[in-house]
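Every chain is numbered from 1 and lettered A, B, ... according to where its sequence line falls, protein lines coming before strand lines.
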2 protein chains.
Amino acid sequence: MGEQPSIELLPKQHQLLEQLVLAGQELSGQDLHARLRGTPLAMGLATVYRHLRQLQQQGLVRCRHLPSGEALFAPTERDEHHLTCVDCGRTQPLTACPIHDAHLSPEQIGGFQLLFHTLEFFGLCSDCQGRQDQD
Amino acid sequence: MGEQPSIELLPKQHQLLEQLVLAGQELSGQDLHARLRGTPLAMGLATVYRHLRQLQQQGLVRCRHLPSGEALFAPTERDEHHLTCVDCGRTQPLTACPIHDAHLSPEQIGGFQLLFHTLEFFGLCSDCQGRQDQD
DNA sequence: ATAAGAGTGAGTATCATTCTCATTCTGTCG
DNA sequence: CGACAGAATGAGAATGATACTCACTCTTAT
């Protein structure tokens, strides 16, 4: 983990990555598309998703899925993970990654070239714990 | 993590959980629905998803999303995580969870009641590494 | 037996993502 | 300079998983 771009990025891929870095928060494909609409950097939804997939395959971008099914993207350089409420879906970032480079033995890895990981915790936020008691 | 059912499970919830345990592997909502079709335990797709969500909210079931967007469910008692190829989507289980009960400080947890976590590693499997070289 | 409430499911709606394919761009070669 | 090949693009349609609706069917208690 921590590969530098070995291949040249296409201009639009660079734009997308830059948007993700500048945003300072995770964005969905739809978010990125909306954010760029009207600017000279605008691009179609198909292109957004196409390049996001390619960025992922180069290990530059990570994605995680909300319980809603929506996918959120972030640069892998930002090693941030989350705590998500299984009831209301609210998400809060963790301030530190509890595993950093987790200890995976070579036989566990079995030839894979590691690009990134996702680590997500799920539970009930304090509000929803209260609401469950009432139910 | 490791709550016992504090509330009585509905019969169909119990069936779903049992199917997941018996299957010994992760199943999607569609899988579960298909598996039960034709048996006396059959239930509609809506019911499958409804109960899977409730089982998740009780911390009995965990779900993770494949890059394809499909959600796979497993009992939380099975602490299994994966290595997934961002190219072909192939997944292989890890034989041990590298974090067990990760060290989360109380202020990081911020009132959440932890139910389960997902930890997924992504990379390129050996086949796809080869294929990229050719491209 | 009856009524209230929970549980159910067939069909429909939703919505993010992917696919299709015609068009545009870019660089190269004649 | 003009034409061509291949890559890149995007509008719109297709896909497919999941959520919603609402009428129906069970329970259970009285």
Would you kindly give the [atom1]-to-[atom2] distance between [X] and [N], to the nearest whole Å?
{"X": "L55(A)", "N": "dA8(D)", "atom1": "CG", "atom2": "C1'", "result": "15 Å"}
{"X": "H14(A)", "N": "dA8(D)", "atom1": "NE2", "atom2": "P", "result": "17 Å"}
{"X": "R37(A)", "N": "dA11(D)", "atom1": "CZ", "atom2": "C1'", "result": "13 Å"}
{"X": "H51(B)", "N": "dT18(D)", "atom1": "NE2", "atom2": "C1'", "result": "16 Å"}
{"X": "Q54(B)", "N": "dT8(C)", "atom1": "CD", "atom2": "C1'", "result": "12 Å"}
{"X": "L66(B)", "N": "dG16(D)", "atom1": "CG", "atom2": "C1'", "result": "14 Å"}
{"X": "Q30(A)", "N": "dG10(D)", "atom1": "CD", "atom2": "C1'", "result": "14 Å"}
{"X": "L16(B)", "N": "dG7(C)", "atom1": "CG", "atom2": "P", "result": "14 Å"}

TODO: To the nearest 10°, let me know how far the axis at one end of the helix from dA1(C)-dT30(D) to dG30(C)-dC1(D) is tilted from the axis at the other, five pairs an end.
DONE: 10°
Identify the two heavy atoms, one from [X] and one from [Y], that lie closest to each other, and give their separation to 0.1 Å.
{"X": "R78(B)", "Y": "R62(B)", "value": "O-NH2, 2.9 Å"}
{"X": "H51(B)", "Y": "L10(B)", "value": "CE1-CD1, 3.7 Å"}
{"X": "H82(B)", "Y": "T91(B)", "value": "CD2-CG2, 3.6 Å"}
{"X": "K12(A)", "Y": "A42(A)", "value": "NZ-O, 3.8 Å"}

- [ ] Return yes when atom NE2 of H14(B) has more than 12 non-hydrogen atoms of other residues, nucleotides or ligands closer than 6.0 Å, and no otherwise.
- [x] no
Open item on the list: Has R64(B) got a side-chain atom pairing as donor or acceptor with H81(B)'s backbone, closer than 3.5 angstrom?
Closed with: no
Contact list (N/O, under 3.5 angstrom) for nucleotides 20-26 of chain C vs protein:
none

- [ ] Just call it for H33(A): base, sugar-phosphate, or nothing, with non-hydrogen atoms closer than 4.0 Å on any strand.
- [x] nothing
When you get a sec, tell me which of [options] is the closest nucleotide to the side chain of [X]?
{"X": "K12(B)", "options": "dT9(D), dT8(C), dT18(C)", "answer": "dT8(C)"}
{"X": "Y49(B)", "options": "dA8(D), dA19(D), dT18(C)", "answer": "dA19(D)"}
{"X": "E70(A)", "options": "dT18(C), dA16(C), dA19(D)", "answer": "dA16(C)"}
{"X": "T47(B)", "options": "dT8(C), dG10(D), dA17(D)", "answer": "dT8(C)"}
{"X": "L10(B)", "options": "dA16(C), dT8(C), dA8(D)", "answer": "dT8(C)"}

- [ ] Determine, using the 4.5 Å side-chain heavy-atom cutoff (strictly less than), whether V61(B) and L72(B) are members of one ILVMFWY cluster.
- [x] no
Task: Verify same cluster id: V21(A), L52(A) (apolar side-chain graph, 4.5 Å) - done: no
Open item on the list: For H65(A) and H65(B), take the angle between the two ring planes, folded into 0 to 90°, and tell me which bin it lands in: parallel under 30, tilted 30 to 60, perpendicular over 60.
Closed with: parallel
